[in-house]
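So the structure is just underneath, and the comments pick up after that.
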Amino acid sequence: QVQLVESGGGLVQAGGSLRLSCATSARTFNSYAMGWFRQAPGKEREFVAAVSSGGTIYYQGSAKGRFTISRDNAKNTVYLGMNSLTPEDTAVYYCAAGLSAYFRRSMDYYDERAYSNWGQGTQVTVSS
């Protein structure tokens with residue numbers, strides 16, 4: 001079981017920026033696809049961004065151009081940089097990991113069912 005610990009959430013004004021981090025206990029971190037999902041109050045959890053074990057990146061539509069996902073295999077950590085935040089970005093943000101062998105199609109990266117390990121989440125609140 002891989003442990004995931006998110007950090008970096010908080011309260012920010014609209015137009016501001018945050019950088020989320022997700023540290024993992026995975027000994028073979030470079031064998032994992034990593035994703036970020038979020039869940040706003042009263043809504044279902046949704047995909048935000050993902051990066052494959054080989055570095056291919058996927059974004060949800062509203063994240064493109066504003067969010068940047070990256071991974072540091074030496075530190076077993078994945079990041080989500082978020083710029084131009086709006087109140088609609090307010091949510092609990094979750095880090096997720098899944099063995100790359102289970103990601104056979106591009107659409108798998110968008111599907112939370114492909115990820116077998118999840119963090120506890122970090123709250124991001126954007127005030128208007």
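One hydrophobic cluster, built from ILVMFWY side chains closer than 4.5 Å, holds both Y110 and I57. V124 and V5 fall into different hydrophobic clusters, where Ile, Leu, Val, Met, Phe, Trp and Tyr residues are linked whenever their side-chain heavy atoms come under 4.5 Å apart, directly or through other members. Note on Y32: it clusters hydrophobically with Y102, by side-chain heavy-atom contacts below 4.5 Å among ILVMFWY residues.
Between the OG1 atom in T56 and the OH atom in Y109 there is a gap of 6.5 Å [rounded to 0.5 Å]. The distance from atom CG of L85 to atom CE of M82, rounded to the nearest 0.5 Å, is 5.0 Å. Taking CE of M107 as the start and CZ of F47 as the end, the distance is 13.0 Å to the nearest 0.5 Å. Within the model, atoms CG of N30 and CG of N73 stand 5.0 Å from one another, a figure rounded to the nearest 0.5 Å.
In this structure, W118 and C95 have side chains that are not in contact, with every pair of non-hydrogen atoms separated by 4.5 Å or more. Within the 4.5 Å cutoff, side-chain heavy atoms of F67 are placed close to those of V48. A 4.5 Å side-chain heavy-atom check between V78 and V51 finds at least one atom pair inside the cut-off. Here the side chains of R19 and Y79 are in contact, with some heavy-atom distance below 4.5 Å. Proximity of T122 to L20: side-chain heavy atoms (C-beta onward) are separated by under 4.5 Å at one or more points.
Shortest non-hydrogen contact noted between Q120 and L4 is OE1-O, 3.5 Å. In terms of heavy atoms, R113 sits closest to D111 at NH2-OD2, 2.8 Å. Taking both residues in full, the closest heavy atoms of P87 and S128 are given as CG-CB, 3.8 Å, listed atom of the first, atom of the second, then distance. Of all heavy-atom pairs between W36 and S21, the closest is CH2-O, 3.7 Å. In this structure, S100 and S53 approach most closely via the heavy-atom pair CB-OG, 3.5 Å. The shortest heavy-atom contact between T125 and Q123 is OG1-NE2, 3.3 Å.
In this structure, N117 contributes its side chain and V2 its backbone to a donor-acceptor pair below 3.5 Å. For the pair S25 (side chain) and Q3 (backbone), a donor-acceptor distance under 3.5 Å is present. Judged purely by atom type and a 3.5 angstrom limit, E6 uses its side chain to pair as donor or acceptor with the backbone of G121. Between the side chain of Y59 and the main chain of I69, a donor-acceptor pair closer than 3.5 Å is present. No donor-acceptor pair under 3.5 Å is formed between the side chain of S116 and the backbone N or O of G98. S52 contributes a side-chain N or O that, together with a main-chain N or O of G55, makes up a donor-acceptor pair within less than 3.5 Å.
Judged by the 6.0 Å and 45° rule, R38 forms no cation-pi pair with Y94.
Pairs engaging residues 51-78 under the salt bridge (charged side-chain N to carboxylate O under 4.0 Å, His left out) rule: R66-D89 [sequence neighbours left out].
The aromatic rings of F103 and Y115 lie perpendicular to each other, with more than 60° between the two planes, well past the 30° mark.
For the residue pair Q60 / E46, a side-chain donor-acceptor distance below 3.5 Å is found, with atom types taken as modelled. Side-chain contact annotation: N83 with S17, donor-acceptor N/O pair under 3.5 Å present. Side-chain N/O atoms of T90 and E88 include no donor and acceptor closer than 3.5 Å.
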